[in-house]
Visitor: 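Quick one: the structure is below, questions incoming.
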Amino acid sequence: MAGQREMREKNTWHRPLIICIAVFFVMAIVGLLITGVVQNKAIKQKYKYGIVLDAGSSHTSVYVYQWPAEKENNTGMVTQKHVCNVKGKGISSYAKNAEKAGPSLKECMQEAERSIPTQRHQETPVYLGATAGMRLLRKEDDSASDRVLDSVVRFLQGTPFTFQGARIITGQEEGAYGWITVNYLSDNFRKAQRTMGALDLGGASTQITFESGDHSQSPDDFIHFRLYGKEYSVYTHSFLCYGKDQALRVLLDQQLRANLTGTGSLILQDPCFHPGYKKVKLLADVYNTPCIRTGPSSNVNFTHVGTGNGKLCQEKVRRIFNSSGCSSRSCSFNGVFQPPLHGQFEAFSAFFFVMKFLNLTSESLEDSKKKLVSYCSTPWDELQKNNHNVKEKYLQEYCFSGTYIVTLLEEGYSFTSGSWKDIRFIKKIGDSDVGWTLGYMLNLTNMIPAEAPDSPPLPHGGYVTLMVLLALLVCSLVVCGCCVFRRSSSAAPKQIV
Ligand SMILES: Nc1nc2c(ncn2[C@@H]2O[C@H](COP(=O)(O)OP(=O)(O)OP(=O)(O)O)[C@@H](O)[C@H]2O)c(=O)[nH]1
Ligand SMILES: [Ca+2]
């Protein structure tokens, strides 16, 4: 008895201790749960922003991008928040009144200010890249292109953002950054998946870009990237004057020269324009481009008459491409080396605008050509009646533009009826417009690391869930342990002393 009493006296503190430990454990578990939940509560995401102006030949667009502030180096995190199309033509059209080029951006830059929190303005970089329209102006009149850029720089320096520069990007950059945008938005870099090619059709130039190991020939047409720990050898070529606006002028010039009799008024019968289409135009609007060697005196008018012969239009458009004179193993056109096509291609900008309107984005090559012939024969007044909400500038040219696109892809780049299905005509990937601007900003802000960032073995959510489950397991083990201990101590045989 005395022993038991002694035992009990010695252990009087066991029970409260166990209870105390259990209480602390439960408190720790509850604390863990609350931390896990609060930590993962949707905190107001903090974003960073970037602005890129695409100063194209036909117009300028202002893109606002955003990304989660703490995930700067993660991929797939930069998305387009806003886009504003500047009213009027491209900045190269201000060659004769350069001081107006910068202020023409005002409305869209004010929209950009409204779309970004004020406290972020100071840290938001602004980049302007000018493309083929300014490349052509620089060819024609270098000082005029400088004056236009100066006006743009002065204006953008006056915005509340951090202006990082305005420059004419090369055709190679335009192609390469379009390819980066396509594959970044498709998450192909982070997943080290097969990349897709990029086809960009502008008003003054067109670009083809795709991964190819075949860089033994024309190394100038290759760019090498190391992205997320993987090497990429990318073929890219930009054809200046092969944007659809300039190509139309080249076609008109070819037809005008064939019709120039020098007598009476000039009438051009054009199979790429609809029956009943008749407009008096200025020769200056055809010849005021460095894409055509000088033409007849430019203050002369000509009457542009449509005959709507799609087949003849295809034959005329084919003449824009010179398929002879290839000194490499394989060429696209005009003697330009092009490695064999392979893989999927994303065709955007005017490729999309035109093929979407003509409802040819999912047609085969053969059916596209047949439907174009039928579309081109549609009388102009019928077309206007059925499409009164479409800009006449675009409506009058869809027959030419569609024929040009099909000819460029088939005759120019050598897409076949088999590989035609590898082309996808798109405007966006997710919420972001496809074009060179996103790739340009990602490169300038170093947001695509050369090496894959170390990622924790578990995604954050998985990590928290695992921790909570483990904690609950520990807790239940402790509780079970206590129960077993208590049962064993109360069931211990009474010692008879
Ligand atoms: N049908 C149609 N055409 C469009 C639309 N937007 C632009 N275009 C025309 O499509 C062509 C290409 O447009 P963009 O990709 O903006 O060309 P750009 O960037 O100005 O030209 P580049 O400097 O050569 O890249 C031009 O002839 C535009 O006039 C549209 O919404 N619908
Ligand atoms: Ca463009």
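Note that ligands are numbered from 1 as they come in the structure, with each ligand's atoms numbered from 1 the same way.
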Visitor: Would you call D150-R154 a salt bridge at under 4.0 Å N-O?
Guide: no
Visitor: Any N/O of S205 closer than 3.5 Å to an N/O of ligand 1?
Guide: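 There is such a contact, yes.
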Visitor: Tell me whether K281 forms a cation-pi arrangement with F273, defined as NZ or CZ under 6.0 Å from the six-membered ring centre and within 45 degrees of its axis.
Guide: yes
Visitor: Scan side-chain atoms only and decide if D200 and S349 contain a donor-acceptor pair under the 3.5 Å cut-off.
Guide: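 Present: a donor and an acceptor within the cut-off.
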Visitor: Determine whether V406 and V317 make a side-chain contact, defined as any pair of heavy atoms from C-beta on separated by less than 4.5 Å.
Guide: no
Visitor: Any heavy atom of K391 sitting closer than 4.0 Å to ligand 1?
Guide: no
Visitor: Hey, looking at atom 16 (O) of ligand 1, which of H59, K427, M355 has the closest heavy atom?
Guide: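 Shortest heavy-atom distance from atom 16 (O) of ligand 1: H59.
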Visitor: Of all the non-hydrogen atoms in the protein, which one sits nearest to atom 29 (O) of ligand 1, and at what distance?
Guide: Y394 CE2, 3.6 Å
Visitor: Heavy atoms only: which of S58, A130, C241, G133 is nearest to atom 28 (C) of ligand 1?
Guide: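 Checking each option, the heavy atom nearest atom 28 (C) of ligand 1 is found in S58.
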Visitor: Got an N/O contact under 3.5 Å between G202 and ligand 1?
Guide: no
Visitor: Less than 6.0 Å separating the ring centroids of Y49 and H121?
Guide: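 Y49 vs H121: aromatic centres not under 6.0 Å.
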Visitor: Below 4.0 angstrom from a heavy atom of K244, which ligand 1 atoms are there? Numbered from 1 as shown, please.
Guide: 10 (O), 11 (C), 27 (O)
Visitor: Ignoring hydrogens and angles, state whether a donor on the side chain of Y235 or S218 is under 3.5 Å from an acceptor on the partner side chain.
Guide: no
Visitor: Go through the steps to decide whether F353 and Y394 satisfy the test ring pair (Phe, Tyr, Trp, His ring centres under 6.0 Å), and finish with yes or no.
Guide: CA-CA 10 Å; F353 305 139; Y394 297 149; 7.7 Å; no
Visitor: Under 4.0 Å, counting heavy atoms only: does V354 come that close to any atom of ligand 1?
Guide: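 So V354 does not count as touching ligand 1.
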Visitor: To check your reading of the model: name the closest protein heavy atom to atom 25 (O) of ligand 1, its residue, and the distance in Å.
Guide: E174 OE2, 3.4 Å
Visitor: Identify the closest protein heavy atom to atom 23 (O) of ligand 1: which residue and atom is it, and at what distance?
Guide: T131 OG1, 2.6 Å
Visitor: When you check the gap from the basic side-chain N to the acidic O, do K393 and E397 get nearer than 4.0 Å?
Guide: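 Here K393 pairs with E397 in a salt bridge, since their nearest N and O are under 4.0 Å apart.
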Visitor: Any chance the rings of F321 and Y404 have centres within less than 6.0 Å?
Guide: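 That pair passes the under 6.0 Å test.
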Visitor: Centroid-to-centroid, Y242 to F333, below 6.0 Å?
Guide: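 Between F333 and Y242, which both carry aromatic rings, the centre distance is below 6.0 Å.
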Visitor: Below 4.0 angstrom from a heavy atom of S57, which ligand 1 atoms are there? Numbered from 1 as shown, please.
Guide: 18 (P), 20 (O), 21 (O), 22 (P), 23 (O), 24 (O)
Visitor: Starting from atom 19 (O) of ligand 1, which protein heavy atom do you reach first, and at what distance in Å?
Guide: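 Result for atom 19 (O) of ligand 1: G56 CA, 3.6 Å.
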Visitor: Testing the 3.5 Å rule here: is there a donor-acceptor pair between the side chains of S151 and E99?
Guide: no
Visitor: Among D245, L240, I169, L136, which one puts a heavy atom closest to atom 27 (O) of ligand 1?
Guide: D245
Visitor: Is there a polar contact between ligand 1 and Y398, counting only N or O atoms under 3.5 Å apart?
Guide: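 Checking ligand 1 against Y398, an N or O pair does fall under 3.5 Å apart.
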Visitor: May I ask whether A350 places a heavy atom under 4.0 Å from ligand 1?
Guide: yes
Visitor: Write out the residue and atom name of the closest protein heavy atom to atom 8 (N) of ligand 1, then the distance separating them to 0.1 Å.
Guide: F353 CD1, 3.6 Å
Visitor: Are F189 and Y228, when compared by the centres of their aromatic rings, separated by less than 6.0 Å?
Guide: no
Visitor: Would you mind listing which atoms of ligand 1 come within a distance below 4.0 Å of any non-hydrogen atom of S349?
Guide: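 Those atoms are 15 (O).
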Visitor: Closer than 4.0 angstrom: is that true for some heavy atom of L201 and an atom of ligand 1?
Guide: yes
Visitor: Just going by heavy-atom distances, which of G203, A55, G90 is nearest to atom 21 (O) of ligand 1?
Guide: G203
Visitor: Tell me the protein heavy atom at minimum distance from atom 24 (O) of ligand 1, and give that distance in Å.
Guide: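 For atom 24 (O) of ligand 1, the nearest protein heavy atom is A204 N, 2.8 Å.
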